[in-house]
Amino acid sequence: MSSQTIETKPNNGIIADGEATAILPTGGKHKPITVIGTEAIRGTFDELCLQQAINSRTAPGVTDLVLNPDAHCGYGAPVGCVMVSPTHVYPGPVGVDIKCSMSLLQTSLPADAVIDKPTRRALINAICERTPTGAGRGQRNAPKSRRVDEALGRRVLVEGASRGVCEALGIPPEWAERCEDSAHVGHDDSTASLALRLEKLMPQMHNFAGKVTQLGSYGGGNHFGECEVVEFGEDDRSRRVADAFGLIDGGVAFLSHCGSRGIGHQLATGQFKALQQKFDRWDIPLPGQDRELVYAPLGTPEADAYLDDMALGANFATVNHLLINALVLEAFQEVIPGVTGRLVYFISHNIARKEIVDSRPAWVHRKGATRAMPAGHHALAGTPFAETGHPILLPGNPQAGSAVMVADPGAELSCYSVNHGAGRQLGRKAAKRALDQREVDASFDAADILSNCRQYPIDEAPAAYKDFDEVLRSVKAAGLASEVARLKARFVIKDGDKADD
DNA sequence: ATGTGC
């Protein structure tokens with residue numbers, strides 16, 4: 001494995017072939033890396049990020065690698081990339097937070113219901129009581145009707161959002177149709193193999209009962225819940241699609257970002273360690289000599305174990321999101337009786353899926369990347385979105401807004417994928433050095449956006465992220481997707497200096 | 001991302 005050097009080439013070796021599309025050749029017979037991003041965006045990719053992309057592109061069994069405009073360094077592969085392999089699975093290019101995802105709940109409320117501050121404060125409190133934030137945090141005072149014991153926890157991991165699990169947790173079962181995948185199965189397409197795998201893992205699953213009580217919680221870092229006002233665009237097509245998605249112009253919606261919490265973390269790190277030990281023992285060369293890029297050929301016990309563990313974590317994340325949405329709706333109903341809500345969509349940006357790429361089945365690893373299938377895509381047949389394409393949920397930042405998009409046929413270029421958000425511009429330490437807490441808080445006050453935190457976490461401030469409009473411009477100019485609606489924050493739930501502690 | 005250092 002020769003690791004190419006990139007620093008001496010102009011533009012880091014990236015060759016533009018359109019306003020927002022480019023290629024990065026990696027030498028040999030390899031198809032080049034597909035790069036999405038305007039010139040301004042392409043300048044934000046640092047060397048390590050590009051080296052990770054090259055390592056990933058030239059790794060065994062990989063046929064396609066897409067680098068998205070929000071790309072930055074990740075574990076082995078960049079956050080913000082798509083890696084396709086018909087023959088291998090790669091745990092690193094799924095990531096440590098298995099099935100980290102976005103979901104959007106459309107309520108029946110008009111925007112003026114969330115104007116006055118006391119109502120928004122009451123909503124923040126009611127939501128925080130039910131859906132906690134923070135490391136280790138889970139359900140504190142869940143009512144008996146929604147308590148997750150060990151037995152139900154096992155069912156969640158094995159079945160995902162099955163009818164039985166939804167009923168046991170008070171989740172409207174029809175929401176399962178509004179999921180990118182409501183349930184994940186094991187390596188042999190059965191749930192039986194997942195049950196067996198979980199049984200085998202149980203002795204290592206420290207505090208399993210405690211971890212399953214994390215269902216219905218956000219965790220920390222960039223995870224959040226956000227009350228939004230939905231703003232449709234001007235053109236007829238986007239308004240028609242927004243209607244079909246069940247969005248309401250000028251209505252109140254709730255956007256959530258979270259993943260598989262402690263369970264997914266334990267499953268992912270367990271897989272990294274197990275595979276790294278085997279690579280050490282076997283002395284097999286790693287792509288770019290990077291231990292974070294361990295892999296397993298399909299059909300081996302190692303690949304089976306990874307696919308099973310990924311499915312267990314993914315099922316937890318799916319039910320976590322659906323329960324959060326059910327609990328958030330309950331919180332709205334406590335504060336504003338009579339309000340109703342429907343799940344618009346639940347879609348992941350950290351998962352490997354079996355899809356058809358270039359007419360053959362392949363594992364599409366999306367790491368900080370979102371599936372983007374347009375109207376008429378064969379995989380959407382029989383879903384509510386066959387005629388429109390499915391909703392794409394892209395968090396930007398509370399001040400610039402977030403976006404609902406829909407894929408265009410041009411998304412074939414990026415293996416039917418787009419970015420997963422704005423992407424970091426400043427590392428956490430750099431953000432703490434560069435940004436001023438009072439200015440950050442003042443900017444939220446000026447925009448009349450409330451938060452559950454006394455001080456907004458500075459490393460999560462909008463200025464720590466790339467310019468969201470430039471990122472969206474890249475996606476549109478590359479022909480991947482169109483904007484359907486913008487979401488403007490009215491209040492934000494984050495892990496931070498909580499007002500209720 | 002994470003019972004936020006192995």
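Bear in mind that the values here come from a model prediction, so they are computed numbers and not experimental data. To find a chain, count down the sequence lines: A is the first, B the second, and so on, and within it residues start at 1.
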Can you measure [X] atom [atom1] to [N] atom [atom2] for me and round it to whole angstrom units?
{"X": "A:R137", "N": "B:dT2", "atom1": "CZ", "atom2": "C1'", "result": "15 Å"}
{"X": "A:D459", "N": "B:dT2", "atom1": "CG", "atom2": "C1'", "result": "15 Å"}
{"X": "A:I263", "N": "B:dT2", "atom1": "CD1", "atom2": "P", "result": "13 Å"}
{"X": "A:H265", "N": "B:dG3", "atom1": "NE2", "atom2": "P", "result": "7 Å"}
{"X": "A:L267", "N": "B:dT2", "atom1": "CG", "atom2": "C1'", "result": "13 Å"}
{"X": "A:Q139", "N": "B:dG3", "atom1": "CD", "atom2": "C1'", "result": "17 Å"}
{"X": "A:N350", "N": "B:dT2", "atom1": "CG", "atom2": "C1'", "result": "13 Å"}
{"X": "A:K273", "N": "B:dC6", "atom1": "NZ", "atom2": "P", "result": "8 Å"}

Using a distance-only test with no angle check, is there a side-chain donor-acceptor pair under 3.5 angstrom linking [X] and [Y]?
{"X": "A:R366", "Y": "A:S348", "answer": "no"}
{"X": "A:H420", "Y": "A:D70", "answer": "yes"}
{"X": "A:K466", "Y": "A:T44", "answer": "yes"}
{"X": "A:K99", "Y": "A:H184", "answer": "yes"}

Students often get this wrong, so: under 4.0 angstrom with heavy atoms, is [X] touching a base, only sugar-phosphate, or nothing?
{"X": "A:H223", "answer": "sugar-phosphate"}
{"X": "A:G221", "answer": "sugar-phosphate"}
{"X": "A:G219", "answer": "sugar-phosphate"}
{"X": "A:G264", "answer": "nothing"}

Q) Does A:R261 put a side-chain nitrogen or oxygen below 4.0 Å from OP1 or OP2 of B:dT2? A) yes
Q. Does the side chain of A:Q214 get closer than 4.0 angstrom to OP1 or OP2 of B:dG3 through an N or O atom?
A. yes
Q) Taking the inter-plane angle between the rings of A:F491 and A:F254 on a 0 to 90° scale, is it parallel (under 30°), tilted (30 to 60°) or perpendicular (over 60°)? A) tilted
